[in-house]
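Structure, as structure tokens:
For the numbers below, each heavy atom of this structure counts, side chains included, while hydrogens, waters and symmetry mates do not.
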Number of protein chains: 2
Amino acid sequence: MDPKINEINGYLVSIFNDVLMIEERTLQTSQFKDVSIKEMHTIDAIGMYQEHTTSEVAKKLGITVGTLTVSVNNLVRKGYVNRVRSEKDRRVVKLALTKQGRLLYRLHDKFHRDMVRETLTEMSEEEAEVLMKGLLNLHSFLERTKEQLPE
Amino acid sequence: MDPKINEINGYLVSIFNDVLMIEERTLQTSQFKDVSIKEMHTIDAIGMYQEHTTSEVAKKLGITVGTLTVSVNNLVRKGYVNRVRSEKDRRVVKLALTKQGRLLYRLHDKFHRDMVRETLTEMSEEEAEVLMKGLLNLHSFLERTKEQLPE
DNA sequence: CGATATTGTTTGATTATCAAACTATTTGAC
DNA sequence: GTCAAATAGTTTGATAATCAAACAATATCG
């Protein structure tokens with residue numbers, strides 16, 4: 001069983017690094033040169049469809065609210081994000097993507113989908129099913145681990 | 001097919017984030033509080049078994065040599081890495097882990113193996129096989145993509 | 001030998017990050 | 001209703017991560 005563990009582990013690590021690297025490089029050679037990969041993930045976390053508060057987005061990204069404030073400052077300056085004070089509760093800031101931001105969001109989303117689609121092309125329905133089950137297993141293990149984390 | 005793509009994509013993104021977060025948190029609550037997740041990956045890339053040059057490690061990590069030099073300065077100061085000038089070619093610097101560095105390397109490696117082992121526990125041989133095939137597919141797609149990358 | 005190439009370091013600028021101090025607003029106790 | 005406490009976000013100071021470009025040391029090749 002151990003060689004299998006090593007092999008799977010190796011693929012995972014390699015996949016992580018490659019995805020990050022490819023995303024970064026793709027951004028830098030696109031019309032969105034002024035967006036870093038971290039900023040891209042912030043844009044992704046803000047999302048297309050609902051408005052999210054600063055706290056919500058920070059939690060989703062696993063960073064502090066202060067860090068997000070700084071990053072959003074840059075994204076607002078660059079024209080990807082809008083800040084809207086909530087009318088209901090004037091302490092709350094809602095974050096939303098600008099037109100530019102939504103364009104970038106869709107591009108990034110497409111990259112992810114293409115990546116997965118390509119992976120599935122040579123697999124049968126059943127194999128795809130099993131891959132999904134494996135990822136689900138891994139995912140739930142990680143969620144459990146997270147809960148047990150000290151603090 | 002599209003809902004499957006979304007689901008797999010979602011798992012992948014979530015797995016990426018969780019692994020990073022758990023690694024970070026685990027480090028910060030261990031005896032190795034002075035090591036960041038990035039530094040951990042540098043230690044991983046330097047590796048246990050052979051000596052690697054600065055250029056080799058930088059390439060493996062996908063960062064510039066300058067960035068690595070700075071990071072290695074810190075890791076040397078903290079006692080995890082040794083720099084050795086090559087005798088054969090005096091321009092070349094070989095990087096190697098100290099005893100501390102090797103200890104940390106093994107701990108990190110164990111985390112990864114446990115993660116994968118746990119994922120496989122509830123799967124049959126065939127399912128594990130298919131998961132591996134899926135990851136291999138994804139991996140080779142990414143390697144191909146990397147090659148086609150502009151510059 | 002001297003020009004060119006290679007390997008790594010240094011530097012200056014920008015981004016990412018946190019913790020802690022701070023501001024503005026809301027909520028809740030009296 | 002007012003004031004203390006709680007909440008949401010911003011600012012600030014410090015440090016790490018990153019790149020590109022200038023630089024230094026060494027090797028190679030004509």
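First and last contacts of DNA chain D with chain B, using any nucleotide atom under 4.0 Å from a protein heavy atom and ordered 5' to 3', fall at dA17(D) to dA27(D).
Applying a 4.0 Å cut-off to non-hydrogen atoms, the residues of residues 35-51 of chain A that approach DNA chain C are Ser36(A), Lys38(A), Glu39(A), listed by residue number. Residues from residues 96-109 of chain A that place a heavy atom under 4.0 Å from any atom of DNA chain C: there are none. In the region residues 73-90 of chain B, proximity to DNA chain D at under 4.0 angstrom, judged on heavy atoms, holds for Lys88(B), Asp89(B), Arg90(B).
Leu20(B) pairs by the side-chain contact (heavy atoms from CB on, under 4.5 Å) definition with Glu23(B), Ile37(B), His41(B), not counting sequence neighbours. For Ser14(A), the side-chain contact (heavy atoms from CB on, under 4.5 Å) partners two or more places apart in sequence, or in a different chain, are Asp18(A), His139(B), Glu143(B). Thr64(B) meets the side-chain contact (heavy atoms from CB on, under 4.5 Å) test with Thr67(B); sequence neighbours excluded. For Arg91(A), the salt bridge (charged side-chain N to carboxylate O under 4.0 Å, His left out) criterion is met by Asp89(A), not counting sequence neighbours.
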Enumerate donor-acceptor pairs with a distance under 3.5 Å from any side-chain N or O in residues 71-78 of chain A to protein atoms, sequence neighbours excluded.
from	atom 1	to	atom 2	distance (Å)
Asn73(A)	OD1	Arg83(A)	NH1	3.1
Asn73(A)	OD1	Arg83(A)	NH2	2.9
Asn74(A)	OD1	Arg77(A)	NH2	2.8
Lys78(A)	NZ	Asp34(A)	O	2.6
Lys78(A)	NZ	Glu39(A)	OE1	3.1
Lys78(A)	NZ	Glu39(A)	OE2	3.1

Sequence neighbours left out, cut at 3.5 Å: what donor-acceptor pairs do the side chains of residues 46-54 of chain B make with other protein atoms?
from	atom 1	to	atom 2	distance (Å)
His52(B)	ND1	Glu56(B)	OE1	3.3
Thr53(B)	OG1	Glu56(B)	N	3.2

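At a threshold of 4.5 Å between non-hydrogen side-chain atoms, the residues Leu103(A) and Phe32(A) count as touching. A 4.5 Å side-chain heavy-atom check between Tyr80(B) and Thr42(B) finds every atom pair outside the cut-off.
The residue Val65(B) sits close to a base: some heavy atom pair falls under 4.0 Å. Within the 4.0 angstrom heavy-atom criterion, base atoms lie near Thr69(A).
Within the structure, the salt bridge (charged side-chain N to carboxylate O under 4.0 Å, His left out) test picks out the following pairs touching residues 128-142 of chain A (sequence neighbours left out): Glu129(A)-Lys4(B), Lys133(A)-Glu127(B). Within the structure, the salt bridge (charged side-chain N to carboxylate O under 4.0 Å, His left out) test picks out no pair touching residues 40-50 of chain B (sequence neighbours left out).
Whole-Å rounding puts the Leu95(B) CG to dT9(C) C1' distance at 13 Å. Atom CD1 in Ile63(A) sits about 12 Å away from atom C1' in dT15(C), given to the nearest Å.
Of all nucleotides listed (dT25(C), dT10(C), dT17(C)), dT17(C) comes nearest to the side chain of Val70(A).
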